Amino acid sequence: MNTNFAAIFWELVRTPFLHVDMIWGIVPLYFGWIVNEITSSKASFKTAIQTGFSFCWAAAHWLYQYSAESEGKLTVTALFAVNIIVTVGVGIAGVTALISGIRRKYPKYCSFLGHSRFSNYFMIAIFPIQSNYLAWSWDRLTAIALFAVPLWVLLHFGLMPVRK
């Protein structure tokens, strides 16, 4: 097995910028990621709002694209598709984080929603897959996982001078 994970990762990063209909969905996620990275790493209700917004934004974009492709028809078979399951999960997590941040109270066992530091990375990485421009594959998931830590380290130390 001779897989070039760097090329696969680069494909995940550049694909949204090759399609105009994806740009309005991906740019706010990059902006949210930078904002999350320059704010405190401590979990707070503010970071829960940031996470909630990013998750809701991504889920709304994916739902919009799905409804445009399927002419608004949701079938039972489609409900069990990986893309729909991920979209619904991201949407639920987003709404929960947003409401938790606004109410300043987490549901039981959901305080992790206040840790938004790296959640946008995963939304950005799966964005072209969820938007149906690339297919789900183990190679793509492996590339996302392999580049998560090096990218986090780069951003963590690279943006340290900007953080208080």
Side-chain angles (χ1 to χ4, degrees), residues 1-39 41 43 47-48 50-71 74-75 77-97 112-163:
M1 185 164 144
N2 192 11
T3 306
N4 185 352
F5 291 113
I8 292 169
F9 184 75
W10 178 243
E11 176 187 38
L12 288 167
V13 171
R14 73 182 168 100
T15 297
F17 297 101
L18 299 175
H19 305 280
V20 175
D21 61 325
M22 289 179 66
I23 292 175
W24 76 268
I26 196 79
V27 169
L29 293 179
Y30 275 105
F31 180 74
W33 189 15
I34 296 301
V35 169
N36 288 342
E37 288 295 328
I38 61 175
T39 57
S41 63
T47 55
Q50 290 172 335
T51 301
F53 176 79
S54 295
F55 278 33
C56 288
W57 185 267
H61 181 76
W62 298 330
L63 284 173
Y64 168 77
Q65 285 191 310
Y66 178 79
S67 67
E69 290 172 8
S70 66
E71 299 170 356
L74 186 62
T75 63
T77 307
L79 284 173
F80 294 105
V82 173
N83 286 35
I84 298 299
I85 292 170
V86 170
T87 299
V88 169
V90 166
I92 289 170
V95 169
T96 304
F112 68 90
L113 293 170
H115 293 280
S116 64
R117 210 70 189 284
F118 213 60
S119 59
N120 280 48
Y121 165 75
F122 293 105
M123 292 298 101
I124 290 166
I126 68 171
F127 200 83
I129 299 169
Q130 281 295 111
S131 296
N132 288 324
Y133 282 92
L134 299 174
W136 280 99
S137 74
W138 287 111
D139 286 344
R140 288 191 177 110
L141 289 175
T142 303
I144 290 167
L146 284 175
F147 282 88
V149 172
L151 241 134
W152 176 81
V153 168
L154 181 72
L155 284 172
H156 179 74
F157 291 109
L159 292 174
M160 227 178 221
V162 179
R163 269 185 236 116

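Note that the structure is predicted; figures quoted are calculated from it, not measured. This chain uses plain numbering: 1 for the first residue, then up along the sequence. Below, all heavy atoms of this structure are taken into account, side chains as well, without hydrogens, waters or symmetry copies.
In this structure, CD1 in Ile34 is found 6.0 Å from CG in Leu155, a value given to the nearest 0.5 Å. Atom-to-atom distance recorded for Phe31:CZ and Asn120:CG is 11.0 Å, nearest 0.5 angstrom. Remark: Leu151 CG to Leu146 CG distance equals 12.0 Å, nearest 0.5 Å. Taking OG1 of Thr15 as the start and CG of Leu134 as the end, the distance is 4.5 Å to the nearest 0.5 Å.
The aromatic rings of Tyr30 and Phe17 sit tilted relative to each other, their planes meeting at an angle between 30° and 60°.
Taking every heavy atom of both residues into account, Cys56 and Gly94 meet most closely at SG-C, 3.5 Å. The two residues Leu12 and Ala125 have their closest heavy-atom pair at CD2-O, 3.5 Å. For the pair Ala135 and Ile129, the tightest heavy-atom approach, listed with the atom from each and the gap, is C-CG2, 4.0 Å. The two residues Phe127 and Gly25 come nearest to each other via the heavy atoms CZ-C, 3.6 Å.
Residues that satisfy the side-chain hydrogen bond (donor to acceptor under 3.5 Å, both in side chains) test with Thr87, not counting sequence neighbours, are Gln130.
Proximity of Phe147 to Trp10: side-chain heavy atoms (C-beta onward) are nowhere separated by under 4.5 Å.
Using a distance-only test at 3.5 Å, with no hydrogens or angles considered, a donor-acceptor pair links the side chain of Tyr121 to the main chain of Ile144. Under a 3.5 Å cut-off, the side chain of Arg140 and the backbone N or O of Ile8 do not form any donor-acceptor pair.
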> Trp33 and Met123: side-chain contact (heavy atoms from CB on, under 4.5 Å), yes or no, with the steps?
Replying inline: CA-CA 10 Å; Trp33 189 15; Met123 292 298 101; over 6 Å; no
>> As a quick check of understanding, evaluate side-chain contact (heavy atoms from CB on, under 4.5 Å) for Ile126 and Trp62, giving each step before the final call.
In response: CA-CA 11 Å; Ile126 68 171; Trp62 298 330; 3.9 Å; yes
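Counting only N and O atoms by type, the side chains of Tyr64 and Asp21 include no donor and acceptor under 3.5 Å apart.
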